[in-house]
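In listed order, ligands and their atoms are each counted from 1. When reading the values below, keep in mind they use all heavy atoms of this one structure, side chains included, and skip hydrogens, waters and symmetry mates.
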Amino acid sequence: MTKEIAHAERAHALLSASASHRWLTCTPSVRLEEQFPDTTSTFAEEGTLAHEIAELKLRKHFTEPMSQRTFNTRLNKMKKHELYQDEMLKHTDTYLEYLQGLTLSLSSAPYVAVEKRLNYSTYAPEGFGTVDCIIIGGNTLYINDFKYGKGVPVSAEDNPQMKLYALGAYLEYSLLYLIDTIHLAIIQPRLDSISEYTLSISDLLAWGEEIKPIAMRAYNGDGDFVPGEHCKFCKAKAQCRARADQYTALADFTSLKPPLLSDEEVGQMLEKGAYIEAWLSALKDYALAECLKGNEIPGWKAVEGRGSRSYKNIDEAFKHLQENNIAETMLYERVPLTVAKLEKQLGKAEFRSLLEEPGLVVKTSGKPTLAPIGDKRQAISKPDAASDFA
Ligand code: SF4
């Protein structure tokens, strides 16, 4: 993940690269967002910490050789963070190993920059951002982005965020290096995903020219509101009228004739409705926040949710129970780890040799489920299962 999300506290550009997928489609969104405060989340803070660990490792390896002692002191400081988890070390290693492999595959020593701030304002007004790692080797400029999220794998193919960074990097380095190829890589170790994409410098520059007028419209707040999947990261996602209109337009279907929907209409309705849940949840979050502020949302109010009970001090409580003759067997359940948890504990290689290879793990196929056509899994057809559903 590059820095707009990870380093939420940093100043960021109005036309940020990480939000470019949105502002290139819905140009007035960035100006509309200005009236909303910046927010952060535990996931974003966790990403920031993982990035800091990755940055330290990259600096030690590529750009700022440091003693093991200095490295450990810095790392130990990060380990004290409340969101620190041991798996951050493993995932940042995967990222570092990818970059090491890349640099070793080059025929001469490459140029490497870590956490490089880039300016792409030639293409998008006042545009700048910080890219995780730049490598220049031969005639290729490598833009590398570490994403710590584990939601969905992000593809590097034609990724506008990556291409904006590539434009910024090209502007910065083209006087010093002869660059004819751009290689984009998004490394998402928690999803075992490394997505790579290569394009020529002429294609990149042509794309830059194409987006110039769109970026200008976005900067000026001009153009039409265009709702879509990109709305989920927009600060206006709850109150945006264009987004609400998209969903209320579902009512149009009631006038469809004949009385039964065709399969084509079913497909259209599912597509239109796919984001309703996220939209309703954004609306609820907004309405709850307003009610808590004391503002009125007609027909709704904030109430206490269902509480839960927990031990004040579990060690003390259990000691007290045992002193009062409650057997230990009543206090604990011995539960085997799930296959996924055990694989995480043992590591993939040991799990494979101890359990998979001797045939001690069986894999059953999941229940058929409906997925959008763009889903990477292969389509299946099971007439028997279809009659069960019917
Ligand atoms: S919610 Fe969607 S449609 Fe509305 S401004 Fe944001 S990106 Fe555009």
- Task: Kindly indicate whether a cation-pi arrangement holds for Arg117 with Phe128, taking the cut-offs as under 6.0 Å to the six-membered ring centre and within 45° of the axis.
- Result: yes
- Task: Count the heavy atoms of every other residue, nucleotide or ligand shown that sit under 6.0 Å from CD of Glu323, and state whether that count exceeds 12.
- Result: yes
- Using a strict 4.0 Å cut-off to heavy atoms of Leu32, name the atoms of ligand 1 that fall inside it. 5 (S)
- Work out how many protein N, O or S atoms lie closer to atom 2 (Fe) of ligand 1 than 2.8 Å. 1
- Message: Quick check on Asp263: does its CG atom have over 12 non-hydrogen neighbours (other residues, nucleotides or ligands) under 6.0 Å away?
- Response: no
- Task: Can you label the angle between the Tyr311 ring and the Phe318 ring as parallel, tilted or perpendicular, going by 30° and 60°?
- Result: perpendicular
- Taking atom CZ of Phe233 as the centre, report whether more than 12 heavy atoms of other residues, nucleotides or ligands fall under 6.0 Å from it. no
- Can you find a side-chain donor-acceptor pair between Glu87 and His91 that sits under 3.5 Å? yes
